[in-house]
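Notes follow the structure.
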Amino acid sequence: MNGADWFDFGMGALPRKVAKLVIAALVLIPGGGFAAWYVNEKAAGIEEMVQDYLDHLVATLSMPSVAPVSPAATP
């Protein structure tokens with residue numbers, strides 16, 4: 001779990017009104033630095049997930065589905 005996931009977990013534990021106030025404060029107080037960090041963390045996590053999926057897909061597609069038959073084995 002990265003930092004953004006922990007933040008999401010913590011925000012989920014707070015009451016909805018408190019969570020809205022915390023988010024507003026974090027966006028306004030540091031001049032958007034927190035929001036930029038959060039978006040970058042989420043984008044990196046999504047990019048990693050998509051890359052893993054594509055790597056698995058390419059590996060699956062590049063494997064032959066049927067073993068080649070040698071000419072000597074045919075009747």
Side-chain angles (χ1 to χ4, degrees):
M1 286 179 73
N2 61 19
D5 292 335
W6 283 107
F7 177 77
D8 290 341
F9 179 72
M11 293 301 289
L14 294 174
R16 192 181 272 311
K17 287 184 179 182
V18 175
K20 286 180 182 179
L21 289 174
V22 169
I23 289 173
L26 289 173
V27 169
L28 296 175
I29 292 174
F34 174 78
W37 168 81
Y38 183 77
V39 169
N40 286 335
E41 285 289 318
K42 284 296 189 177
I46 291 171
E47 180 181 354
E48 182 180 348
M49 180 183 67
V50 169
Q51 188 63 44
D52 289 344
Y53 175 75
L54 290 176
D55 290 344
H56 176 70
L57 182 65
V58 168
T60 302
L61 292 175
S62 60
M63 291 189 300
S65 58
V66 178
V69 178
S70 65
T74 56

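Hydrogens, waters and symmetry mates play no part in the numbers below; they use all other heavy atoms, side chains included.
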For Val18, enumerate each residue passing the side chain to side chain contact (heavy atoms under 4.5 Å, CB included) test, keeping only those at least two apart in sequence or located in another chain. Leu14, Pro15, Val22
Please, which pairs that meet side chain to side chain donor-acceptor pair (under 3.5 Å) have at least one residue in residues 19-31, sequence neighbours excluded? none
Could you tell me the separation between the OH atom of Tyr38 and the NZ atom of Lys42, rounded to the nearest 0.5 Å? 4.0 Å
Across all chains, not counting sequence neighbours, the side chain to side chain contact (heavy atoms under 4.5 Å, CB included) partners of Val50 are Ile46, Leu54
Quick check for you: to the nearest 0.5 Å, what is the distance between Phe34 atom CZ and Phe7 atom CZ? 3.5 Å
Where at least one partner belongs to residues 22-38, residue pairs that pass salt bridge (Lys or Arg N to Asp or Glu O under 4.0 Å), sequence neighbours excluded: none
Those residues that, when tested against Glu47, pass side chain to side chain donor-acceptor pair (under 3.5 Å) (two or more places apart): none
Non-neighbouring partners of Glu48 that pass side chain to side chain contact (heavy atoms under 4.5 Å, CB included), sequence neighbours left out: Asp52
Distance (rounded to the nearest 0.5 Å) between Leu26 CG and Leu21 CG: 11.0 Å
